[in-house]
Amino acid sequence: MPSRPRSNQSAQLTVAKTRTGLGLVATRRFRTNDTIIKLGGRVVDADILWKRGGTFADNCFRFGPETYLDPGDRLGRYLNHSCDPSAAICKESNQLFLFAARPITAGDEVTIDYSTTLGDDDIWTMRCNCGRRQCRGRIKRFGSLPAAVKQDYIERGMVPKYIIKTLGWRA
Ligand SMILES: [Zn+2]
């Protein structure tokens, strides 16, 4: 197995093969709400995301009303989606953090529900192959989620405020 760049390792996570390709796997245990890592990267304007599109856009995280975080080659690049996620993103002090949404043990894949970071003005969608019982088949804007799922995610702090604010903006 080829060795991976240093930036793809941390004390908390490693990049490894998962059901949906390379993903982030926990190397220790986390309790619910523990911070896992800070999501590093470069903040880019929305128009750059639209201009570049493709894999670049696929890898970016919504960062604010008009901005996205480009993880580059950092760990965030390998953060996969699940319709039954083990983690979520929160924003504090103008930075994005990945935190445990439930207890995670070493060897578990760390995933988020991408819909929790897709505003109602985000038109990006992707087919889902997560294989979970809850799988919705397609990943879409937060507002498209079933009401009970939306409420559950909001109550558990799994949806950044700038995403909640877009509810009803519908592009
Ligand atoms: Zn799914």
Side-chain angles (χ1 to χ4, degrees), residues 1-30 33-102 104-119 121-132 138-142 157-163:
M1 198 165 155
S3 66
R4 303 198 185 285
R6 250 183 95 80
S7 65
N8 288 344
Q9 303 274 352
S10 76
Q12 293 82 9
L13 296 172
T14 187
V15 176
K17 186 110 186 62
T18 64
R19 175 188 166 90
T20 48
L22 289 179
L24 297 181
V25 173
T27 52
R28 47 158 278 202
R29 56 191 289 259
F30 297 94
N33 292 329
D34 278 353
T35 298
I36 301 172
I37 52 163
K38 184 183 96 174
L39 284 176
R42 189 171 60 106
V43 178
V44 298
D45 286 332
D47 53 338
I48 291 175
L49 183 99
W50 297 123
K51 247 178 251 163
R52 292 186 56 180
T55 310
F56 176 80
D58 289 350
N59 288 337
C60 283
F61 299 96
R62 187 79 179 253
F63 187 78
E66 300 293 338
T67 51
Y68 290 80
L69 183 79
D70 163 24
D73 287 329
R74 296 178 183 82
L75 288 170
R77 181 190 188 106
Y78 303 98
L79 179 57
N80 287 328
H81 163 93
S82 172
C83 296
D84 180 24
S86 58
I89 286 176
C90 67
K91 189 177 185 181
E92 265 163 43
S93 309
N94 215 32
Q95 291 182 317
L96 299 187
F97 293 90
L98 187 63
F99 71 93
R102 63 168 182 235
I104 293 173
T105 54
D108 284 352
E109 183 177 8
V110 173
T111 54
I112 66 164
D113 187 327
Y114 285 172
S115 291
T116 60
T117 65
L118 292 171
D121 52 344
D122 274 306
I123 55 169
W124 186 92
T125 76
M126 193 178 91
R127 267 182 67 85
C128 187
N129 185 33
C130 74
R132 306 299 294 203
R138 181 162 283 277
I139 308 160
K140 293 187 285 194
R141 63 192 170 82
F142 180 67
M158 294 167 68
V159 192
K161 284 195 193 74
Y162 55 89
I163 298 296

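Basis for what follows: all heavy atoms, side chains included, without hydrogens, waters or symmetry-related copies.
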Do Thr111 and Asn80 meet the criterion of a side-chain donor-acceptor pair at a distance under 3.5 Å? no

Any side-chain heavy atom of Met158 sitting closer than 4.5 Å to one from Pro85? yes

Value rounded to 0.5 Å, distance of OG1 in Thr117 from CZ in Phe142: 10.5 Å

Closest approach of Cys128 and Cys83, non-hydrogen atoms and distance? SG-SG, 3.8 Å

With sequence neighbours left out, what residues match Arg138 under side chain to side chain contact (heavy atoms under 4.5 Å, CB included)? Thr125, Arg127, Lys140

Which residues pass the side chain to side chain donor-acceptor pair (under 3.5 Å) test with Asp34, sequence neighbours left out? none

Counting C-beta onward and ignoring hydrogens, is there a side-chain heavy-atom pair between Val44 and Arg52 closer than 4.5 Å? no

Could you check whether any side-chain heavy atom of Phe99 comes within less than 4.5 Å of a side-chain heavy atom of Phe30, counting everything from C-beta outward? no

Pairs satisfying side-chain hydrogen bond (donor to acceptor under 3.5 Å, both in side chains), at least one member in residues 84-96, at least two apart: Asp84-Arg102, Asp84-Arg132

Does any part of the side chain of Val25, heavy atoms only, come nearer than 4.5 Å to the side chain of Asp108, both counted from C-beta? no

For Ala87, all residues meeting side chain to side chain contact (heavy atoms under 4.5 Å, CB included), sequence neighbours excluded: Ile36, Leu98, Val110, Ile112

Is atom CZ of Arg29 surrounded by more than 12 heavy atoms (other residues, nucleotides or ligands) closer than 6.0 Å? no

Could you check if a side-chain atom of Thr116 sits within less than 4.5 angstrom of a side-chain atom of Ile89, using non-hydrogen atoms only? no

Please answer whether the main-chain N or O of Glu109 pairs with a side-chain N or O of Thr18 as donor and acceptor at a distance below 3.5 Å. no

I'd like a table of donor-acceptor pairs (distance under 3.5 Å, sequence neighbours excluded) in which one partner is a side-chain atom from residues 59-71, with atom names and distances.
| unit_1 | atom_1 | unit_2 | atom_2 | d |
| --- | --- | --- | --- | --- |
| Asn59 | ND2 | Thr55 | O | 3.4 |
| Arg62 | NE | Gly64 | O | 2.8 |
| Arg62 | NH1 | Asp121 | OD1 | 3.0 |
| Arg62 | NH1 | Asp122 | OD2 | 2.6 |
| Arg62 | NH2 | Pro65 | O | 2.9 |
| Arg62 | NH2 | Asp121 | OD1 | 3.4 |
| Arg62 | NH2 | Asp121 | OD2 | 3.2 |
| Thr67 | OG1 | Gly64 | N | 3.3 |
| Tyr68 | OH | Asp122 | OD1 | 2.4 |
| Asp70 | OD1 | Gly72 | N | 2.9 |
| Asp70 | OD2 | Arg42 | NH2 | 3.4 |

Are the side chains of Leu49 and Asp47 in touch, meaning some heavy atoms are under 4.5 Å apart? no

On a heavy-atom basis, the closest approach of Trp50 and Ile123 is CH2-CG1, 3.8 Å

Which residues share a side chain to side chain contact (heavy atoms under 4.5 Å, CB included) with Ser115, sequence neighbours left out: Asp113, Arg136, Ile139, Leu145

Point-to-point distance, once rounded to the nearest 0.5 Å, from CG of Leu24 to CD1 of Ile37: 6.0 Å

